[in-house]
S.K.: 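Okay, here's the structure, questions in a sec.
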Number of protein chains: 2
Amino acid sequence: MNARVECPTCPTKQCFVQQHCTPEWIQIINRSKEQTVYQKGQLLFREGDRVSGLYFVQNGKVKVVSNGLNDKEHIVRLANDGYVIGHCAVAGESYPVGAIALEDTVACFLSNELLKSAYLENPTFTLAFMFYYSAELRKMESRLKYVAQMSIREKVAEALLYLHDIFGVSDTDQILSVTMSRQELADLVGTNAEQVTRQLSLFQDEKIITKQGKDLQLLRIDLLRKMVDSYRHGVK
Amino acid sequence: MNARVECPTCPTKQCFVQQHCTPEWIQIINRSKEQTVYQKGQLLFREGDRVSGLYFVQNGKVKVVSNGLNDKEHIVRLANDGYVIGHCAVAGESYPVGAIALEDTVACFLSNELLKSAYLENPTFTLAFMFYYSAELRKMESRLKYVAQMSIREKVAEALLYLHDIFGVSDTDQILSVTMSRQELADLVGTNAEQVTRQLSLFQDEKIITKQGKDLQLLRIDLLRKMVDSYRHGVK
DNA sequence: AAAGTTTCCTGCGAAAACGCAGCTCCCGAA
DNA sequence: TTCGGGAGCTGCGTTTTCGCAGGAAACTTT
């Protein structure tokens with residue numbers, strides 16, 4: 001097993017703790033945090049569990065899912081290194097979603113009690129969270145619009161761009177840094193695996209993407225973006 | 001015209017300013033705020049405008065919209081008394097959405113500069129915003145799931161429940177406190193006016209709702225909730 | 001390398017959603 | 001009371017999406 005990562009020397013620099021807490025608080029949080037290694041496919045928490053704190057992704061990839069109709073799961077959002085999972089909650093609330101590791105992942109758990117004190121003694125920490133949630137809200141509103149009005153073709157394009165935004169691509173050959181099954185992609189955009197497959201095949205015919213084994217290479221991100229952008233500006 | 005409403009005596013008790021700022025800060029904000037009366041249909045701000053602060057709805061109803069394909073507008077969210085509109089933004093950002101009064105509305109505008117000082121000197125004010133945005137984010141994630149996977153029937157049911165949650169109904173006869181056109185309902189759920197009309201007619205046939213002139217009376221909220229809940233728990 | 005398992009691909013009929021077109025109803029103005 | 005305009009309603013043909021089913025490909029296990 002890997003050694004525990006200590007906050008003061010954590011390489012995940014975008015973590016709010018490192019960015020916005022005083023050195024003393026970084027030490028306090030480091031002592032109190034619960035660091036866990038999750039295997040691919042393992043649950044960080046389950047839908048319905050009592051919310052008792054927040055998870056900070058130190059290293060890895062996580063999907064946040066919610067169960068819909070017919071055991072169909074809906075991917076609510078995806079998280080990469082430095083992202084926060086779980087919402088700040090008032091006492092007694094339970095998660096409306098579950099979180100599952102997409103690959104081996106290290107996450108740090110901070111309890112609500114600890115966070116509460118940290119909020120009050122690190123004003124910019126709180127402010128950072130406020131801005132973070134506000135920004136996430138905006139992104140979500142944006143996605144809502146897409147999912148509500150776009151065709152399957154546009155939805156799949158949007159999903160690829162979303163993966164690109166969150167996880168990025170390899171520097172050299174534009175291969176998406178995350179591997180998702182057709183079903184997972186479908187769960188992300190709200191359709192079924194067949195439609196996703198069909199659309200990806202079409203994109204491949206059009207030389208917009210190429211399949212490299214299980215991975216996807218984005219040849220023409222500009223065209224993908226155009227599909228969604230033309231939409232965004234009301235001109236098709 | 002109506003007289004200006006002063007913060008210390010404002011009847012909208014759920015406003016964050018009144019709830020979480022010190023008396024001195026309530027005075028400061030009261031002096032600095034810009035209070036405006038918007039006529040029904042008037043814009044608070046336009047999509048693309050530079051973000052320079054937040055709008056607090058003192059009294060009225062507002063829809064936050066974003067333009068999609070073919071001039072189709074998408075209603076991102078609805079706001080009632082005490083709700084906050086506009087996100088906290090980093091410098092230079094512009095609104096991805098516009099806001100339009102659904103009926104005559106009084107809103108107070110606070111500039112980013114003022115808010116910044118208020119945040120730093122009223123810790124619980126900041127914390128309240130953080131929780132607010134977090135809660136809104138959760139709601140939005142939930143709506144995203146619905147909109148992504150539900151049938152038109154379920155979407156319309158969800159929309160009625162959403163209106164019920166935000167604006168409520170008259171105490172005596174369960175008539176929705178807000179009047180929206182078929183087109184606006186369609187913009188809310190991401191479909192077209194015809195489907196909404198059809199579905200509302202079906203609901204009326206099933207004695208789930210009744211039309212009272214332009215208004216809707218919700219006879220069986222339990223059945224509407226069941227449509228969405230059964231969905232939520234994966235059992236149809 | 002062969003067998004087994006899982007994921008992916010694709011054709012096709014069924015179902016849902018769309019959107020036009022024509023009609024009715026409601027409300028305000030003359 | 002009548003007229004005109006706008007919103008709402010609904011029938012129907014078209015398009016899109018769905019989802020099953022059968023086969024191909026890829027990955028695992030022995």
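In what follows, chains carry the letters A, B, and so on, assigned in the order in which the sequence lines appear, proteins first and then strands, with residues in each chain numbered from 1.
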S.K.: Phe45(A) vs Tyr95(A) aromatic rings, parallel, tilted or perpendicular, using cut-offs 30° and 60°?
M.R.: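 Ring orientation, 0 to 90° scale: parallel.
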S.K.: Looking at Thr191(B), does any N or O in its side chain come under 4.0 Å of the phosphate oxygens OP1/OP2 on dC18(C)?
M.R.: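 Looking at the OP1 and OP2 atoms of dC18(C), one of them is under 4.0 Å from a side-chain N or O of Thr191(B).
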S.K.: Using the closest heavy atom to pick a nucleotide of DNA chain D for each, name whichever of Gln183(B) or Asn192(A) lands nearer the 5' end.
M.R.: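 This one resolves to Gln183(B).
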S.K.: Round to a whole Å and report the spacing from CZ of Arg153(A) to C1' of dC18(D).
M.R.: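 Whole-Å distance recorded here is 19 Å.
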S.K.: If the condition is side-chain hydrogen bond (donor to acceptor under 3.5 Å, both in side chains), which residues does Asn59(A) pass it with, not counting sequence neighbours?
M.R.: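 Asn59(A): no side-chain hydrogen bond (donor to acceptor under 3.5 Å, both in side chains) contacts found.
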S.K.: Roughly how many Å is it from CD in Gln212(B) to P in dC26(C), rounded to a whole number?
M.R.: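 Going from Gln212(B) (CD) to dC26(C) (P), I get 12 Å.
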S.K.: Would you mind listing every salt bridge (Lys or Arg N to Asp or Glu O under 4.0 Å) that reaches into residues 184-196 of chain A, with sequence neighbours excluded?
M.R.: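 Non-adjacent pairs meeting salt bridge (Lys or Arg N to Asp or Glu O under 4.0 Å): Lys63(A)-Glu184(A).
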S.K.: Starting at CD of Gln149(B) and ending at C1' of dA17(C), how long is that distance when rounded to a whole Å?
M.R.: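 Distance, rounded to whole Å: 17 Å.
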S.K.: With each end axis built from five pairs of C1' atoms, what bend angle do you get for the helix from dA1(C)-dT30(D) to dA30(C)-dT1(D)? Round to 10°.
M.R.: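 For the helix from dA1(C)-dT30(D) to dA30(C)-dT1(D), the axes at either end differ by 40°.
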S.K.: Not counting sequence neighbours, list each pair that qualifies as a salt bridge (Lys or Arg N to Asp or Glu O under 4.0 Å) and has a residue in residues 204-220 of chain B.
M.R.: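 Sorted result for residues 204-220 of chain B: Arg153(B)-Glu206(B), Arg220(B)-Asp222(B).
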S.K.: Checking Ser170(B) now: which residues fulfil side-chain hydrogen bond (donor to acceptor under 3.5 Å, both in side chains) with it, not counting sequence neighbours?
M.R.: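 In terms of side-chain hydrogen bond (donor to acceptor under 3.5 Å, both in side chains), with neighbours along the sequence ignored, Ser170(B) is linked to Asp173(B).
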S.K.: Starting at the 5' end of nucleotides 9-15 of chain C, put B wherever the base has a protein heavy atom under 4.0 Å, S where only the sugar-phosphate does, and a dash everywhere else.
M.R.: BBBB---
S.K.: Could you check how far CG of Leu185(B) sits from C1' of dA7(D), rounded to whole Å?
M.R.: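 To the nearest whole Å, that distance equals 13 Å.
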S.K.: Who passes ring pair (Phe, Tyr, Trp, His ring centres under 6.0 Å) against Tyr162(B), sequence neighbours left out?
M.R.: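 Ring pair (Phe, Tyr, Trp, His ring centres under 6.0 Å) list for Tyr162(B), sorted by chain: empty.
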S.K.: Between C1' on dC18(C) and CG on Asp187(B), what's the gap in Å once rounded to a whole number?
M.R.: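 Nearest whole value for this atom pair: 15 Å.
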S.K.: Does either side chain, that of Ser201(A) or that of Gln204(A), offer a donor lying less than 3.5 Å from an acceptor on the other one?
M.R.: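 Distance-only check fails for Ser201(A) and Gln204(A).
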S.K.: dA7(D) C1' sits how many Å from Lys214(B) NZ, rounded?
M.R.: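 That distance rounds to 8 Å.
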S.K.: Send over the distance from Lys155(A) NZ to dT17(D) C1', rounded to a whole Å.
M.R.: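 Nearest whole value for this atom pair: 9 Å.
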S.K.: Under 3.5 Å, sequence neighbours excluded: what are the donor-acceptor pairs made by side chains of residues 76-86 of chain A?
M.R.:
unit_1	atom_1	unit_2	atom_2	d
Arg77(A)	NH1	Glu136(A)	OE1	3.2
Arg77(A)	NH2	Val84(A)	O	2.5
Arg77(A)	NH2	Tyr132(A)	OH	3.3
Asn80(A)	ND2	Ile166(A)	O	3.0
Asp81(A)	OD1	Gly60(A)	N	2.8

S.K.: Without placing hydrogens or testing angles, list every side-chain donor-acceptor pair under 3.5 Å for residues 97-110 of chain B, not counting sequence neighbours.
M.R.:
unit_1	atom_1	unit_2	atom_2	d
Asp104(B)	OD1	Lys40(B)	N	2.9
Thr105(B)	OG1	Lys61(B)	N	3.2
Thr105(B)	OG1	Lys61(B)	O	3.3
Thr105(B)	OG1	Glu103(B)	O	2.7

S.K.: Using whole Å, report how far CG of Asp215(B) lies from P of dA7(D).
M.R.: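 Answer to the nearest Å: 16 Å.
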